[in-house]
Amino acid sequence: MSDAVRQADRPEADRPSIARAADRPLDPRRRRRILEAGMGLFSGLPYAAVHMDAVAAEAGVAKPTLYRYFPTKEALFIAGLAWTLAELRDAIGAIRAVDAPARLRAAVGLVLERVSALSPALTAIEGSGAEFGERSRRVLREGFDGLRGALADLLRAGVDAGELHVPDIDLAVLMILGGIRMAVHGTGRRPPASAAVTDFFLNGLGARPAPRTGAKR
């Protein structure tokens, strides 16, 4: 009898541990820990400098376990990008500042900080091949769709409270997110401070009234 037949005839408990591991369902808490570790490294290091060994060590898992969840570094980054944008959407919805302008400042700060940190990795993966570039762009589009909804809810609440004047909420959201993407991705410039971005949208392009001159009559 061959070794393959003997192994097939073994009860489940006697099969090699690696086969049993492959049969077990993936643990969502472990997956989250891996994503947190990976995106922390992608946010702080050049994309090429992030290795799966370091991700496994940071997440506290064995390397074979890491590969069960994410077979390649590209797969890890793309899944992490989707997870990051979903977390960011939820974080915007959870902002509890005192008024709508303060909530908008906090939201713009969150988006600018997290997207800016991942911008070098996004640029690198888009240049790594057509397949991964297209997948990352699709995930980015879908993630920004979620951010649009969260920001629209924030602006709508501000309008209802009389704290903001926004004639077209959808257009305002597109301009905010589009401006952030242009500021941090592909311009080669240092991202602006979040306060400067928010002030631009809150104050608009209106000129301030010219100071009066001369004595009163």
Side-chain angles (χ1 to χ4, degrees), residues 35-36 39-40 42-44 78-123 125-126 133-217:
L35 290 173
E36 288 176 342
M39 298 315 284
F42 285 123
S43 296
I78 291 170
L81 178 62
W83 171 77
T84 298
L85 293 172
E87 290 279 302
L88 187 52
R89 176 200 62 211
D90 294 342
I92 291 173
I95 292 172
R96 294 291 180 265
V98 293
D99 54 34
R103 289 193 294 274
L104 181 60
R105 290 180 189 281
V108 169
L110 284 172
V111 178
L112 191 61
E113 176 188 358
R114 298 192 190 179
V115 176
S116 176
L118 292 175
S119 182
L122 280 167
T123 301
I125 199 168
E126 287 179 1
E134 177 52 36
R135 285 172 62 190
S136 68
R137 285 189 290 272
R138 183 174 67 251
V139 167
L140 200 60
R141 286 194 301 270
E142 292 170 354
F144 267 68
D145 284 344
L147 297 184
R148 279 203 295 270
L151 283 172
D153 290 343
L154 188 155
L155 294 181
R156 196 171 291 111
V159 171
D160 292 343
E163 298 170 337
L164 294 175
H165 174 65
V166 186
D168 189 329
I169 288 177
D170 290 336
L171 178 59
V173 170
L174 286 174
M175 292 180 68
I176 291 171
L177 290 177
I180 291 174
R181 285 189 66 176
M182 287 295 294
V184 304
H185 188 47
T187 63
R189 298 176 57 189
R190 183 177 181 179
S194 61
V197 175
T198 313
D199 285 342
F200 178 83
F201 287 107
L202 287 174
N203 299 330
L205 299 175
R208 294 181 179 180
R212 292 185 177 182
T213 58
K216 293 182 180 179
R217 293 184 180 180

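Note that CG of L88 is 5.0 Å distant from CG of L147, once rounded to the nearest 0.5 Å. Considering CD1 of I92 and CD of E87, their distance stands at 12.0 Å, rounded to 0.5 Å. The line from CZ of R89 to CZ of F144 is 13.5 Å long, rounded to the nearest 0.5 Å. Interatomic distance, L154 CG to I169 CD1, rounded to the nearest 0.5 Å: 10.0 Å. Rounding to the nearest 0.5 angstrom, the gap separating the CD1 atom in I180 from the OG atom in S119 is 12.5 Å. Considering CD1 of I78 and CD of E134, their distance stands at 10.0 Å, rounded to 0.5 Å.
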TODO: Decide side chain to side chain contact (heavy atoms under 4.5 Å, CB included) for L110 and I95; before the verdict, give the C-alpha distance in whole Å, the side-chain angles of both, and the deciding distance to 0.1 Å.
DONE: CA-CA 10 Å; L110 284 172; I95 292 172; 4.0 Å; yes
Open item on the list: Is there a side chain to side chain contact (heavy atoms under 4.5 Å, CB included) between V115 and L140? Walk through the geometry before answering.
Closed with: CA-CA 10 Å; V115 176; L140 200 60; 5.8 Å; no
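Every residue two or more places apart in sequence or in another chain that forms a side chain to side chain contact (heavy atoms under 4.5 Å, CB included) with T198 is listed here: L104, R105, V108, L202.
Closest non-hydrogen pair, A172 versus L155, comes out as CB-CD1, 4.0 Å. Of all heavy-atom pairs spanning S136 and L81, the tightest one is O-CD2, 3.8 Å. The shortest non-hydrogen separation linking G143 to L85 is CA-CD1, 3.6 Å. The minimum heavy-atom distance between G93 and R96, with the atom names listed, is O-NH1, 3.0 Å.
In this structure, the side chain of R103 engages the main chain of A97 through a donor-acceptor pair within 3.5 Å. With hydrogens and angles ignored, the 3.5 Å screen pairs a side-chain donor or acceptor of E163 with a backbone N or O of A100.
Residues E142 and R135 are not paired through a salt bridge, judged by the lack of any N-O separation under 4.0 Å between the basic side chain and the carboxylate.
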